[in-house]
Protein chains: 2
Amino acid sequence: MSRESCIVAQFRRHADLSDQEVELLTALEKDVRDFPAGSVLSEAGMEAGSFFSLHSGWACATRLLSDGQRQVLDIFLAGQVMGLRDIGFSHTQTELTALTEVRACPFPAKYLDEIFERSPRLARIFFLKLVRENALLTERIINIGRRPAAQRLAHFLLEMKVRLHAADPEFELPLNQNVIADALGISTVHVSRTLSQLKEEGLVRVGQNRVTIDDLDGLVALSGFDPAYLE
Amino acid sequence: MSRESCIVAQFRRHADLSDQEVELLTALEKDVRDFPAGSVLSEAGMEAGSFFSLHSGWACATRLLSDGQRQVLDIFLAGQVMGLRDIGFSHTQTELTALTEVRACPFPAKYLDEIFERSPRLARIFFLKLVRENALLTERIINIGRRPAAQRLAHFLLEMKVRLHAADPEFELPLNQNVIADALGISTVHVSRTLSQLKEEGLVRVGQNRVTIDDLDGLVALSGFDPAYLE
DNA sequence: CGCCATCTTGAGGTCTATCAATTTCAGTGG
DNA sequence: CCACTGAAATTGATAGACCTCAAGATGGCG
C-alpha cells in the first residue's frame with residue numbers, strides 16, 4: 001500500500017485529486033491478480049459488467065472473425081483501464097489477452113456508476129480517457145485505411161515510442177509479428193518483409209522484442225506521423 | 001418550442017429525464033443554424049472547444065492527409081452530438097462537413113462540464129454515447145482491416161440500415177461513392193465496380209441516393225454482419 | 001440544350017496475400 | 001555443453017485484389 005497505484009498516478013496527470021477521489025480510485029485495485037503471458041483475461045461473448053485496471057505488463061483487446069481472422073483493437077500499457085469499450089452492452093464483444101506477464105485488477109462495472117455519482121471530476125477524467133481511446137482508434141483507421149504497409153508500420157512504431165514515453169531510440173516492444181500484423185491489418189509474412197525493407201533503408205530495426213530507431217526524422221517523414229492525437 | 005428536441009429524444013432512449021435534465025439538454029439547442037449541403041461546419045486545426053448537436057440532415061467527420069487523401073471517420077445522423085472526439089485536445093483534429101442540408105446547433109465545450117457537474121445521469125449517458133461511437137469505430141477498423149471490398153460494402157450498407165432503423169428494404173442514403181470510398185478505405189472506382197458486382201449477384205442496388213436491399217440474408221452472410229455493436 | 005458532377009468501364013501495373021520451404025532462436029533435457 | 005524442439009521469422013514464387021490513369025456514359029439542373 002505504500003506505493004501509489006498506477007491508476008491514481010495516471011489520473012493525477014489530468015487533475016489534482018482529493019483524498020476521497022484517491023480512495024475511490026484505489027478501490028479499483030483491491031484485487032490485484034497475476035496472469036501469465038498468453039492467458040485470456042476476459043473472453044468475448046461473456047456477460048458484460050467488469051473491467052480491469054492494468055498494473056504492469058502488456059495486454060491487448062482483440063476480436064475474432066467468423067473465418068478465423070483476428071483484429072487487434074487496442075494495445076494496453078500499465079495504468080490503462082481495459083474494457084471501457086464494452087460498457088453499455090449486454091455482452092462483451094472483445095477478448096482481453098495478456099501479451100506478457102500481467103498484473104491486473106478486475107472490478108465490477110457498478111463501481112464506475114458510483115464514481116460518476118460521487119465525483120464529477122473523476123467522471124470527466126474517465127470521459128477524457130475514452131476520448132483518448134477514441135483518438136487512438138481514429139488514428140488506426142487512418143493508418144489502416146489510407147496508408148501502405150511500410151507507412152503503417154512506421155506510424156505504429158512511432159505511436160508506441162510516444163505512448164511509452166521512450167526517450168531512447170531503443171525500447172522494449174514485446175509484440176510478435178503476428179500481433180503487429182493483426183493490429184495493422186496485414187499478413188505476418190508481409191510484416192516481416194516490410195520490416196526488412198525499413199531496416200535496409202536504415203530507418204529502424206525490430207527484433208527479439210526490441211525496437212531500435214536509427215533515423216527518427218526519416219520515419220516521421222515516411223509515415224506522416226503527428227503526435228497531436230496522443231497529447 | 002412545442003416539438004421536443006432531437007437530443008432530448010435521443011437521451012430519453014437511455015433513461016428517464018428530470019425536468020432539470022431536459023432543460024440542461026435543451027440549452028444545447030438554443031442556437032440552431034442551417035448549413036447548405038457541402039459546407040464545412042468546423043475546420044481541422046481550429047482551437048477546440050465547441051460541439052454541434054445535429055438536428056436534421058447528414059454530416060460527417062473527416063481527416064485530411066498530407067498527400068491529399070481523405071478518411072471519413074464518422075457519419076452522423078440526426079440526434080447525434082458531433083465533435084465529442086476532440087474534447088481534451090487543444091486543437092480540433094477533424095473537419096465536420098454537411099453531406100446534405102443540415103440543421104445543427106453549435107455549443108461551447110464548457111456546457112458539457114456544467115452538465116457533468118449538475119447531472120451524473122446525463123454524464124453517464126454522454127459517456128455511453130462515446131462508448132457507442134467507440135464501438136462504431138471498432139467495427140470500422142475490423143471492416144477496413146480484415147474484409148475485402150465486397151464484404152466491406154455489404155457491411156457498411158447493413159450498418160446504415162440498422163442505424164437508420166430502416167424497416168423497408170429500400171431507404172435513403174445521401175452519400176456519393178466518393179464519401180463511401182473514403183469511409184471504407186478503397187478507391188472510388190473500386191466502389192463502383194464492387195457495387196455493380198453486388199447488384200449482379202442480386203444482393204443490393206445502390207443508386208441516386210437510394211439503397212434497395214434485394215437479399216438481406218445474402219448480404220448478412222456475405223459480410224458477417226452482427227448488429228450487436230449497435231444495440 | 002448544354003453543363004457539371006457523378007458514375008461506369010477498360011487496361012495495365014502495384015501492392016499484398018497465400019502457400020510452402022527454410023532458417024533463426026530461445027528454451028529444454030540429456 | 002550440445003543436440004533437440006517448437007515457435008517465430010525469413011524467403012521465394014505465384015495469384016489475386018485493388019489502384020491509377022484515362023476515356024466515355026449518365027443524370028440532375030439551370
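Naming convention: chains lettered A, B, ... in sequence-line order (proteins, then strands); numbering from 1 in each chain.
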- Take atom CD of A:Gln197 and atom P of D:dT11, then tell me their distance rounded to the nearest Å. 13 Å
- Are the ring centres of B:Phe52 and B:Phe107 closer than 6.0 Å? no
- In whole angstroms, how far is the P atom of D:dA8 from the CG atom of A:Leu99? 12 Å
- Message: So does B:Ala166 get a backbone contact from the side chain of B:Lys161, meaning a donor-acceptor N/O pair under 3.5 Å?
- Response: yes
- Query: How close do B:Gly145 and A:Gln71 get, heavy atom to heavy atom, and via which atoms?
  - Reply: CA-OE1, 3.9 Å
- Quick one: which residue pairs count as a salt bridge (Lys or Arg N to Asp or Glu O under 4.0 Å) with a foot in residues 49-58 of chain A, not counting sequence neighbours? none
- Task: Calculate the interatomic distance between B:Arg193 atom CZ and D:dC18 atom C1'; express it in whole Å.
- Result: 9 Å
- side-chain hydrogen bond (donor to acceptor under 3.5 Å, both in side chains) against A:Asn178, all qualifying residues, sequence neighbours excluded: none
- Query: What are the residues of residues 176-189 of chain B, sorted by number, that bring a heavy atom to within less than 4.0 Å of DNA chain C?
  - Reply: B:Asn176, B:Gln177, B:Val189
- Query: D:dA9 P sits how many Å from A:Arg210 CZ, rounded?
  - Reply: 16 Å
- How about B:Arg163 and B:Gln80: does a side-chain donor come under 3.5 Å of a side-chain acceptor? yes
- Note on the structure: Those residues at least two apart in sequence (or on a different chain) that pass side-chain hydrogen bond (donor to acceptor under 3.5 Å, both in side chains) with A:Arg85 are A:Asp74, B:Thr138
- Pairwise side-chain hydrogen bond (donor to acceptor under 3.5 Å, both in side chains) hits with a residue in residues 146-155 of chain A, at least two apart: A:Glu139-A:His155, A:Asn143-A:Arg147, A:Arg146-B:Asp182, A:Arg147-A:His155
Donor-acceptor contacts, no H, no angles, side chain residues 185-193 of chain A, under 3.5 Å, sequence neighbours left out:
from     : atom 1 : to       : atom 2 : distance (Å)
A:Ser187 : OG     : A:His190 : N      : 3.2

- Task: Sequence neighbours left out, what passes side-chain hydrogen bond (donor to acceptor under 3.5 Å, both in side chains) with A:Gln93? Give chain and number order.
- Result: none
- Message: For the helix from C:dT8-D:dA23 to C:dG30-D:dC1, what angle separates the axis at the start from the axis at the finish, each from five pairs, in steps of 10°?
- Response: 40°
- Message: I'd like to check the side-chain hydrogen bond (donor to acceptor under 3.5 Å, both in side chains) partners of B:Glu101; sequence neighbours left out, ordered by chain and number.
- Response: none
- Taking heavy atoms of chain B and a 4.0 Å limit, find me the 5'-most and 3'-most nucleotide of DNA chain C within that range. C:dT6 to C:dA11
- Pairs where residues 60-106 of chain A contributes a residue and the test ring-ring contact (aromatic ring centres under 6.0 Å, His included) is met, not counting sequence neighbours: none
- Does the distance from a Lys or Arg side-chain N to an Asp or Glu carboxylate O, for B:Glu95 and B:Arg63, drop under 4.0 Å? no
- Task: State which of D:dA13, D:dG28, D:dT20 makes the closest approach to the side chain of B:Gln208.
- Result: D:dG28
- Numerically ordered, the residues 139-156 of chain A set in heavy-atom contact under 4.0 Å with DNA chain C is A:Pro148, A:Ala149
